[in-house]
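See structure below.
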Amino acid sequence: MEVFAGRSTDLEAGDRILVEHKDQHSGVLRAKGVLHAFFNLCPYQGSPACEGVLVHKPEEIIAEDRSYQGMRFTEDLHLVCPWHGWEFNVETGRCADDGKHGLRKFAIVEREGDIYVVV
């Protein structure tokens, strides 16, 4: 079943739309020009994960001699849970820490300027 989420023109990079349908709550966001939709429930303690901030993944820089050289941000975008800081890769929905946990991902349909979440 497709649930209307909003107009495509209303969702710019980094923006999100929260969608409710019966007992399904999802978040739709645009990252790097691609639409993503997730069940709005963090697997850790049930927080509204889709309401968290989007950040680039931090990465430590280690030299060949194993010395610490600082940090940089990668191109990977993470959605950060607002309650406990769990980070989820926006492309996969998988938890950045262990990859075992993740957000349930929904398919997206974009038709005639409208966005639909497939639930």
Side-chain angles (χ1 to χ4, degrees):
M1 168 185 284
E2 295 178 0
V3 178
F4 176 75
R7 300 280 304 153
S8 184
T9 55
D10 295 336
L11 196 62
E12 295 184 25
D15 289 345
R16 73 203 68 210
I17 299 170
L18 299 176
V19 180
E20 292 184 40
H21 174 71
K22 297 184 181 177
D23 62 344
Q24 298 281 346
H25 296 258
S26 60
V28 178
L29 57 95
R30 187 182 305 275
K32 298 182 190 176
V34 179
L35 291 169
H36 303 276
F38 300 101
F39 188 48
N40 192 21
L41 188 72
C42 179
Y44 178 55
Q45 287 191 340
S47 73
C50 296
E51 295 176 32
V53 298
L54 281 174
V55 298
H56 285 275
K57 176 186 171 191
E59 180 177 80
E60 294 183 301
I61 305 167
I62 309 295
E64 286 187 31
D65 67 359
R66 311 291 282 159
S67 63
Y68 180 73
Q69 302 295 307
M71 296 191 77
R72 65 178 164 227
F73 291 97
T74 69
E75 290 298 313
D76 294 339
L77 281 172
H78 285 183
L79 181 60
V80 181
C81 174
W83 286 7
H84 301 100
W86 277 34
E87 293 185 25
F88 301 93
N89 182 295
V90 170
E91 291 179 19
T92 66
R94 303 310 307 161
C95 183
D97 288 337
D98 64 13
K100 291 187 281 186
H101 299 91
L103 299 174
R104 189 168 127 210
K105 194 163 183 159
F106 292 107
I108 294 278
V109 174
E110 196 168 4
R111 184 173 51 248
E112 296 177 13
D114 292 334
I115 300 169
Y116 299 89
V117 177
V118 180
V119 296

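Computed over heavy atoms, backbone and side chain alike; hydrogens, waters and symmetry mates excluded.
- The nearest pair of heavy atoms linking Pro48 to Asn40 is C-OD1, 3.1 Å.
- Summarising the geometry of Glu60 relative to Met71, their closest heavy-atom pair is CG-CE, 4.0 Å, with the distance given to 0.1 Å.
- Using a distance-only test at 3.5 Å, with no hydrogens or angles considered, a donor-acceptor pair links the side chain of Lys105 to the main chain of Glu91.
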| query | Step by step, would you call His56 with Asp76 a side-chain contact (heavy atoms from CB on, under 4.5 Å)? | reply | CA-CA 6 Å; His56 285 275; Asp76 294 339; over 6 Å; no
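- Hydrophobic cluster of Leu29: the remaining members, joined at side-chain heavy-atom separations below 4.5 Å, are Phe38, Tyr44, Leu54, Leu77, Leu79, Trp86, Phe88, Val90, Leu103, listed by chain and number.
- At distances below 3.5 Å, at least one donor-acceptor pair connects side-chain atoms of Thr74 with backbone N or O atoms of Lys57.
- Cluster note: Ile17 groups with Met1, Val3, Leu11, Val19, Val28, Leu35, Phe39, Leu41, Phe106, Ile108, Ile115, Val117, Val119 through ILVMFWY side-chain heavy atoms spaced under 4.5 Å, whether in direct contact or through intervening members.
- Summarising the geometry, atom NE2 belonging to His25 is positioned 10.5 Å from atom CD belonging to Glu51; distances are rounded to the nearest 0.5 Å.
- Other members of the cluster containing Val118 are Phe4, Val109, Tyr116, with ILVMFWY side chains joined at under 4.5 Å, either directly or via other members.
- The minimum heavy-atom distance between Arg7 and Glu112, with the atom names listed, is NH1-O, 3.5 Å.
- Taken to the nearest 0.5 Å, the CZ atom of Arg16 stands 13.0 Å off from the OG atom of Ser26.
- Here the closest heavy-atom approach between residue Glu87 and residue Pro58 is recorded as OE1-CD, 4.3 Å.
- Taking every heavy atom of both residues into account, Gly102 and Pro43 meet most closely at O-CG, 3.6 Å.
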| task | Check step by step if side-chain contact (heavy atoms from CB on, under 4.5 Å) holds for Ser8 and Arg30. | result | CA-CA 10 Å; Ser8 184; Arg30 187 182 305 275; 3.0 Å; yes
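- Between Lys32 and Glu75, the closest heavy-atom pair is NZ-O, 2.7 Å.
- For Gln45, the CD atom counts as densely surrounded, since its 6.0 Å shell holds more than 12 non-hydrogen atoms of other residues, nucleotides or ligands.
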